[in-house]
Amino acid sequence: MPEMNFLQNINSPADLRRLPLDQLSHVADEIRQYILETMARVGGHTGASLGAVELAVALHYAFDTPRDRLVWDVGHQAYAHKILTGRREQLPTIKQYGGLSGFLRRDESPYDVFGAGHASTSLSAALGMAIARDRKGEDHHVVALIGDASLAGGMAMEAINQAGHLRSRLIVVLNDNEMSIAPAVGALTGYLNRIRGAHGYHRFKDEVEETLLAIPSVGERLHHAAKTVKDAIAAAVLPGALVSELGFKYIGYVDGHNPRALVAAFLEAQQIKDGPVIVHALTTKGKGHPRAEEDYYRWHATGPFDLETGDPIKSAAKAPTYTKVFGDTLCELMAEDTKIVALTAAMPDGTGVCTALEKFPERSFDVGIAEQHCVTFAAGMSCEGLKPICAIYSTFLQRGFDQLVHDVCIQNLNVKFCLDRGGVAGGDGPTHHGLLDIAYLRSVPNIVVMAPKDEGEMRDMLFTMVEHVGPAAMRYPRGTGIGTDIKRQPQLLEIGKGEILRDGGEIAIVAYGSMVHPALEAADHLAKDRIETTVVNARYVKPLDAQLLLALARTKRLIVTVEEAYLAGGFGSAVLELLEENGLQDNVRVVRMGIPDRLVTHGEPKLLLAKYGLDADGIYNRVKAGVDVLDERRANIQAMRR
Ligand SMILES: Cc1ncc(C[n+]2csc(CCOP(=O)(O)OP(=O)(O)O)c2C)c(N)n1
């Protein structure tokens, strides 16, 4: 356990505020050490949270939280905030089932005034709170803390536009570490870099002013003349002008690791009553561990690691991840076809597009945290004959849904969507589970929607998508594949055709994507109980393999559909609709397995899936229960006949 001379007595920000200002850096040091030691054991958003320690300390010191509202963007960098707000002892449970959330949740603490997980929401929420405060005649502060990459997200820009116009009292703290998960990209990053550069100019200006004033008698006049010229130059040169043109006051920049300087800046910001203000704090991601500071890209989030060396403690994976296989296959296809372009929205590593960015930099793009733009950017490319592949997590494509409908599918454009983390995302929890994509994709005309049973078939599907002309989407789960052959050439699959993997009996298990292999395992168990089953790899939810499914409906007594997604609007729903459309709904009993209509918490994917029966044991049990119902019905019918 690290030393906690200060921390052990801080159970709420009120305890922190009782300390003299000069002790805050000691508090920050203890928090940093505690985060490091805990993350070394359990893993988490280590680098991001290490970078925001002093910010959390100074914010809770200078503001009267939770009366003053502190809205964190994303929330992945808020571990110090959790420690200071009564959750210190629970930190080792973070992201684990039953433990603390890895992000912010209103139901976890009154200090989490706005739930988060997705980026760029803080400014809009904070502006809403500020307007509500004004309408209610209250006088507390509202503060949004946002990273430089999240500031570039569309929503944040929209909020800035409105905040500047409304001139409501709002404090925005910019946590500028020049990083997204990967290095931050885009023109706004260049702009922030220029502000950093202009600071040297500021200092130069001050020195010139002092020198002129020191010249007896003429100094005063020269100084006045110079000031007019200087202000004009400053307005032209200093990028801060852009901020003020948008209606914001600017305070900065401030050393984001100096609690005293941060508190001073926050107190200054509190004095600005006539509009929004940005406090620009410069921080270092991973601050406090040499490896994290040097390799902050990889340290944004970590698994457990060796505290001394920083080396990851990993158990050797048996198979490559879906992400890796996707990234490699994408490059193979890009090598063959120069029209293919690869797109990611700030997740080059998370989606595997990093390999394409390296190998084909001229036709690979990281657009930043800008999923909506990414989709329409791809649509524009496809109008001109390129073949864009957007690799976006299932949960983040929710942001780009209108663009997918309006810009891609209505125009029937040739854009491909590859959805990593299709299914439960694990420790990141409800904001990050990809459980909605089947429902939101299959309801859109023109698009083909598919999911592979394993990483080998994912290669086939990627190849098939590229060959298919028109919008198409493929989802695959987080984590490692099952170890199938990924060396063979990708095969072209027929669109809308499933495959029968096992044939027999009066029961069919029709599984989608990640549930196919557990279904096969369940079928093996059932066979040991002398229950024969047919197992189908559905492959497509749109178009469905109507021929195959209707044949099953005519010949089987029970169809069990299995998917790693919400049941509402999902694969099972699609099957039921098909049967209804063909008048076969009463011909066969259908049992749908998937996630019911409730939020899925955070925790190990295996554990979460087991909770909803989405593993071999769960499928086995549901089929058995289904068989019991069938047997009972059969017995009842026979009894009635007798
Ligand atoms: C809409 C959305 N897209 C992508 C992500 C994944 N993501 C989480 S944190 C992050 C980087 C945020 O960078 P920044 O705001 O600068 O904060 P930092 O981590 O550098 O402190 C990204 C891309 C997300 N949370 N939400």
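Because only heavy atoms are used, hydrogens play no part in the values below, and waters and symmetry mates are left out as well, while side chains stay in. Start at 1 and go down the list; that is how both ligands and their atoms are numbered.
- From the protein, the heavy atom lying nearest to atom 7 (N) of ligand 1 is Ile181 CD1, 3.7 Å.
- Between Tyr322 and Tyr476, the ring planes lie parallel to each other; the angle is under 30°, not in the 30° to 60° tilted range.
- Annotation: Asp311, atom CG; neighbour count of heavy atoms from other residues, nucleotides and ligands within 6.0 Å is above 12.
- For Asn177, every heavy-atom contact with ligand 1 shorter than 4.0 Å involves the side chain, none the backbone.
- Considering backbone and side-chain atoms together, Ala119 places an N or O closer than 3.5 Å to an N or O of ligand 1.
- Classification of the His300-His45 ring pair by plane angle, with boundaries at 30° and 60°, yields perpendicular.
- Donor-acceptor pairing under 3.5 Å is recorded for the side chains of Glu564 and Ser514.
- For ligand 1, the atoms sitting less than 4.0 Å from at least one non-hydrogen atom of Arg399 are 1 (C), numbered in the order shown with element in parentheses.
- Annotation: atom 5 (C) of ligand 1 to nearest protein heavy atom, Phe396 CZ, 3.3 Å.
- Scanning the protein for heavy atoms near atom 12 (C) of ligand 1, the closest one is Ser150 OG, 3.8 Å.
- Atom 6 (C) of ligand 1 has as its closest protein heavy atom Met347 SD, 3.4 Å.
- For atom 3 (N) of ligand 1, the closest non-hydrogen atom of the protein is Glu371 OE2, 2.7 Å.
- Formation of a donor-acceptor pair under 3.5 Å by the His257 side chain with backbone atoms of Thr284 is found in this model.
- Checking Gln77, Gln398, His300, Lys285 against atom 18 (P) of ligand 1, the nearest heavy atom belongs to Lys285.
- Each of the following atoms of ligand 1 lies closer than 4.0 Å to a heavy atom of His76: 9 (S), 17 (O), 18 (P), 19 (O), 21 (O).
- For the residue pair Arg32 and His289, no side-chain donor N or O sits within less than 3.5 Å of a side-chain acceptor on the partner.
- When only modelled atom types and interatomic distance are considered, Asp428 and His602 share no side-chain donor-acceptor pair under 3.5 Å.
- In the vicinity of Ala346, heavy-atom distances shorter than 4.0 Å reach the ligand 1 atoms 23 (C).
- His81 and His60 have parallel rings, their planes meeting at less than 30° on a 0 to 90° scale where 60° marks the start of perpendicular.
- Annotation: atom 16 (O) of ligand 1 to nearest protein heavy atom, Met179 O, 2.7 Å.
- Figure legend: cation-pi geometry between Arg399 and Phe396 absent, as NZ or CZ is not positioned both under 6.0 Å from the six-membered ring centre and within 45° of its axis.
- Distance from atom 11 (C) of ligand 1 to its nearest protein heavy atom, with residue and atom name: Ser180 OG, 3.4 Å.
- Taking the charged nitrogens against the carboxylate oxygens, Arg87 and Asp112 do have a contact shorter than 4.0 Å, which makes a salt bridge.
- Residue contacts with ligand 1: Gly117 is included, with a non-hydrogen atom under 4.0 Å away.
- Close N/O approach between Ala48 and ligand 1 is not found [any backbone or side-chain N/O within under 3.5 Å].
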